[in-house]
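Accompanying notes for the structure given below.
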Amino acid sequence: MAGELPEYYFRVRENGAAVFRVDTENRQRRIEMDQIAVVNIRNGEIKPQGNRQLSEDDLGVIRDWMSERKALLATRDMDDIHRAIDHLNLTTQWAQSRATTAQLEDVTDDLLLAMHDLRSVLVRKKADRLMKEDS
């Protein structure tokens with residue numbers, strides 16, 4: 001492997017990660033990964049594995065990773081929303097110019113319900129924001 005390996009490895013999971021300490025300083029010069037903790041980025045919980053005590057360095061690296069991960073996921077969420085807007089526009093163009101009657105029959109009700117639901121939420125949230133601004 002080229003370059004220096006990091007001291008910690010984070011195996012991403014649904015709500016966080018399993019945290020490993022990476023060790024190459026053994027007799028066989030093999031990479032060993034020792035799981036030291038499990039983290040939950042939704043509630044900020046850091047659970048040491050086994051009877052392990054995490055050092056302040058461990059906790060600092062984990063907290064930094066959690067902060068960076070939250071920022072990355074927030075960026076991805078916004079990117080997904082902007083892609084959804086593009087898909088809505090592409091869907092509109094498809095429905096107007098290329099869709100067959102059978103294709104429209106297949107998707108119209110589902111699209112209308114999804115768009116109605118989205119519109120209802122967006123209108124309600126916009127009204128809530130406007131009410132807060134007036135307060």
Considering non-hydrogen atoms only, spot the tightest contact between Met66 and Asn40 and give its length. CE-O, 3.5 Å
Could you pull out the closest heavy-atom pair between Ala99 and Ala95, with the gap in Å? CB-CA, 3.9 Å
Distance, nearest 0.5 Å, that separates OG1 of Thr92 from CG of Leu111: 9.0 Å
Calculate, to the nearest 0.5 Å, the distance between atoms CD and OG1 belonging to Gln96 and Thr91 respectively. 12.5 Å
For side-chain contact (heavy atoms from CB on, under 4.5 Å), just list the numbers for Leu59 and Arg63, CA-CA rounded to whole Å, side-chain angles, deciding distance to a tenth of an Å, and then say yes or no. CA-CA 6 Å; Leu59 291 170; Arg63 287 185 187 116; 3.6 Å; yes
Is Val19 linked to Val61 within one hydrophobic cluster, defined over Ile, Leu, Val, Met, Phe, Trp and Tyr using a side-chain heavy-atom separation of less than 4.5 Å? yes
Would you say CG of Asp134 has more than 12 non-hydrogen atoms from neighbouring residues, nucleotides or ligands within 6.0 angstrom? yes
Which pair of heavy atoms, one from Tyr8 and one from Asp57, lies closest together, and at what distance? OH-C, 4.1 Å
Checking side-chain polar atoms at under 3.5 Å, does Asp64 have a donor or acceptor matched by the opposite partner on Ser67? no
Please determine whether a side-chain nitrogen of the Lys or Arg among Arg83 and Asp79 lies less than 4.0 Å from a carboxylate oxygen of the Asp or Glu. yes
Tightest non-hydrogen contact, residues Ile46 and Ala37, listed as CG2-CB, 4.4 Å
Check whether more than 12 heavy atoms from other residues, nucleotides or ligands sit under 6.0 Å from atom CZ of Arg11, and answer yes or no. no
Using 30° and 60° as the class boundaries, would you call the ring planes of Phe10 and Trp65 parallel, tilted or perpendicular? parallel
Please report the interatomic distance CG(Asp117) to CG(Leu112), rounded to the nearest 0.5 Å. 12.5 Å
Looking at every non-hydrogen atom in both residues, tell me the closest pair between Arg13 and Ala18 and how far apart they are. CD-N, 3.6 Å
Side-chain donor/acceptor of Asp58 to backbone N/O of Ser55, under 3.5 Å: yes
Which residue, Glu7, Glu32, Met33, forms the side chain to side chain contact (heavy atoms under 4.5 Å, CB included) with Asp23? Glu32
Is there a path of hydrophobic side-chain contacts, each under 4.5 Å between heavy atoms of I, L, V, M, F, W or Y residues, that connects Phe20 with Leu5? yes
In this structure, CG of Leu73 is separated from CG of Asp80 (nearest 0.5 Å) by 10.0 Å
Nearest heavy-atom contact between Glu45 and Asn43 is N-OD1, 2.9 Å
As an exercise, state the distance from CZ of Arg21 to CG of Leu54, rounded to the nearest 0.5 Å. 7.5 Å
Euclidean distance, Gln49 CD relative to Asp34 CG, rounded to 0.5 Å: 9.5 Å
